[in-house]
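First listed ligand is number 1; within each ligand, the first listed atom is number 1. Residue numbers run from 1 in the order of the sequence given. Note that the structure is predicted; figures quoted are calculated from it, not measured.
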Amino acid sequence: MKVKLVADSSGNLLELEGADFVSVPLSIQLDQKTYVDDENLDPIVLTQEMLAYKGKSSTACPSVEAWLNAFEGGEEIYVVTITSALSGTYNSAMLAKQMYLEEHENAKICVIDTLSTGPEMHLILEKIIEWKQQGKTFEEICEDIPEYQKHTRLFFSLESVHNLVQNGRLSKLVGLALGKLGIRLVGTASEKGELEVLSKCRGDKKTLASYMEHLNKAGYFGGKLYISHNCNEELALQLKQNVMMQFPNANIRIYQTRGLCSYYAENKGMIVGVECK
Ligand code: X90
């Protein structure tokens, strides 16, 4: 059985160690220009152009065709998507699954709605690789993923929610409250897969304290903690330092967000995926 792992580009991954992996891009539209969130996109340039651009902008989920291309050649396929509460990505992947199975009777496809995004998707993908290496079957993996999802969480901090509000992914009221300079919104992916506001903080120090508080509340125990940030390695490194003080053996990774997450997290936004008790 040829095993394939596929995720939409909100997972911020272009490749994945130990797997035959394909990233399926969402796209971002500023003015007349479309940015496809693939390896050719420079998220730093996108962020700069976003800062300079004052007009309307939007995003679009992958087409069914794009998913079908990614599935091609796969016999045992695991598909990891951004939350279906905020994007049509999961739906288009489910349609593609149906079509692929009509053409490939012996193939098996498991589509996972992460009810989250970014680094939490990364954690789930790595867990699938680990289980495959241990020899778990397709059926076992499909059954065990929801169990693993109970032990992962997503936290984020945003300096601007302009693009989330503009695209109807967050209420205008929250956006207004955040309008003041220097205020960051700290939040989490809710159980329903929506944005949930946890606190509003002024400055990096309070933001970091808020992360630590919520990590501890969630039962973070020093396992994997993957930090994706948009042009804010400084804050990511500070969070790493804070976490290491409490959990010296924490498994921490830091990386730049790709296009979709850069667009919604905006300049200086940070998204953190963690394993919890
Ligand atoms: O289908 C589309 O056009 C994509 C829409 C995506 C909308 C939300 C993306 C959020 C990305 C922002 C911080 C983390 C929020 C997590 C909530 C579950 C990142």
Side-chain angles (χ1 to χ4, degrees), residues 7-13 23-30 34-37 41 43 46-47 50 56-64 66-67 80-96 112-124 149 152-171 174-175 178 184-200 207 210-211 214 218 226-232 235-236 255-274:
D8 66 72
S9 64
S10 74
N12 300 308
L13 299 162
S23 169
V24 177
L26 287 97
S27 61
I28 301 122
Q29 182 104 29
L30 295 193
T34 301
Y35 298 78
V36 178
D37 188 13
L41 180 140
L46 172 71
T47 304
M50 264 163 45
K56 265 204 170 341
S57 57
S58 62
T59 57
C61 68
S63 65
V64 174
W67 286 114
V80 174
T81 78
I82 185 172
T83 171
S84 63
L86 299 177
S87 171
T89 300
Y90 172 75
N91 275 330
S92 73
M94 287 298 280
L95 279 172
I112 302 137
D113 176 359
T114 63
L115 298 173
S116 181
T117 188
E120 196 173 352
M121 290 167 61
H122 191 178
L123 294 176
I124 294 166
Q149 285 181 276
T152 58
R153 289 286 302 275
L154 190 84
F155 296 98
F156 52 84
S157 52
L158 307 171
E159 293 194 11
S160 165
V161 291
H162 177 261
N163 289 341
L164 282 163
V165 173
Q166 173 181 221
N167 286 284
R169 262 73 180 192
L170 187 69
S171 92
V174 179
L178 204 69
R184 291 89 196 269
L185 179 152
V186 174
T188 189
S190 74
E191 272 179 41
K192 288 186 187 155
E194 292 169 342
L195 275 93
E196 183 181 325
V197 178
L198 294 171
S199 18
K200 286 176 196 138
T207 304
S210 179
Y211 269 114
H214 294 296
Y226 289 2
I227 308 173
S228 62
H229 63 86
N230 188 15
C231 305
N232 205 350
L235 187 64
Y255 45 83
Q256 164 70 40
T257 47
R258 301 290 314 159
L260 194 277
C261 282
S262 297
Y263 174 78
Y264 282 108
E266 299 192 40
N267 192 27
K268 307 279 178 218
M270 195 160 88
I271 313 174
V272 182
V274 287

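Residues Ser157 and Thr207 have side chains that never bring a donor and an acceptor to within less than 3.5 angstrom of each other. Counted by atom type alone, Glu266 and Ser160 present one or more donor-acceptor pairs between their side chains at under 3.5 Å.
In terms of modelled atom types and a separation under 3.5 Å, the side chain of Ser92 and the main chain of Thr89 share a donor-acceptor contact. A donor-acceptor pair under 3.5 Å links the side-chain atoms of Lys268 to the main chain of Cys231, judged by distance alone.
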Inset, instruction - Start with the C-alpha gap between Thr83 and Glu194, add the side-chain angles, then the distance that decides, and say whether side-chain contact (heavy atoms from CB on, under 4.5 Å) holds. - result: CA-CA 8 Å; Thr83 171; Glu194 292 169 342; over 6 Å; no
Legend entry - Stepwise side-chain contact (heavy atoms from CB on, under 4.5 Å) test for Leu26 and Thr59: CA-CA 7 Å; Leu26 287 97; Thr59 57; 5.6 Å; no
For ligand 1, find each of its N or O atoms that sits under 3.5 Å from a protein N or O atom, and tabulate the pairs with distances to one decimal place.
from, atom 1, to, atom 2, distance (Å)
ligand 1, 1 (O), Ser87, OG, 2.7
ligand 1, 3 (O), Thr59, O, 3.3
ligand 1, 3 (O), Thr59, OG1, 2.6

